[in-house]
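First comes the structure, then the notes that go with it.
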Amino acid sequence: MLSDELISKINKEKTKYPIARAAVKSALRYAQEEHGWISEEVVRDVAEVLNLETIQVFEIATFYDLFYTEPVGKYQLRVCTNVSCMLRDSDSVVSHIQKKLDIKTGETTADGKFTLFEVECLGACGGAPMMMVGNEFYENLEPDTIDSIIEKLGASE
Ligand code: FES
């Protein structure tokens, strides 16, 4: 199930740490890049490569919310709804996206392109309200900017 390239990356990570368990997060990050989410099969395969018990990988995959244990859209819209963003009306950001994409928080659009999440502080409070998509931060969100971000991402392959 894991590609040869992924197995090789995980083995390389393993050499960086005194114990294999310390390489689990990196291994899962690479696995998620390749598979889009962390299925039970991926957990089992990563555990096998690292020579760990499946539960040791599973508990890390389910602890961090950056790992998806269910399928998600190509783009994950992670809207911060913590204090600074909430005070700058992140609720409107969330409801605007829900309406535009016709999904609720935690759901994925029918075309499989977008999943909406509400997340805790992402450390960009000065740009509130904000969201993270992939590795990009989008700050000072307003309806127009949200629309153009979604349209740009939706148009890309
Ligand atoms: S509260 Fe939203 S980035 Fe900090």
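Every number for a ligand or one of its atoms is a count from 1 in the order of the listing. If you're wondering where the values come from, they're calculated on a predicted model, not measured in any experiment.
- Among protein atoms, those of element N, O or S found less than 2.8 Å away from atom 2 (Fe) of ligand 1 are C80 SG, C85 SG.
- Shown here are the side-chain hydrogen bond (donor to acceptor under 3.5 Å, both in side chains) partners of E40, two or more places apart in sequence or in another chain: there are none.
- Environment of CG in D111: crowded, with over 12 heavy atoms of neighbouring residues, nucleotides or ligands closer than 6.0 Å.
- Taking CG from N11 and CG from L50, the interatomic distance works out to 7.5 Å, rounded to the nearest 0.5 Å.
- With rounding to the nearest 0.5 angstrom, the OG atom of S95 is 14.0 Å from the NZ atom of K104.
- Note that CG of L2 and CD of E41 are 8.5 Å apart. Values are rounded to the nearest 0.5 Å.
- Within 6.0 Å of CD in E142 there are 12 or fewer heavy atoms belonging to other residues, nucleotides or ligands.
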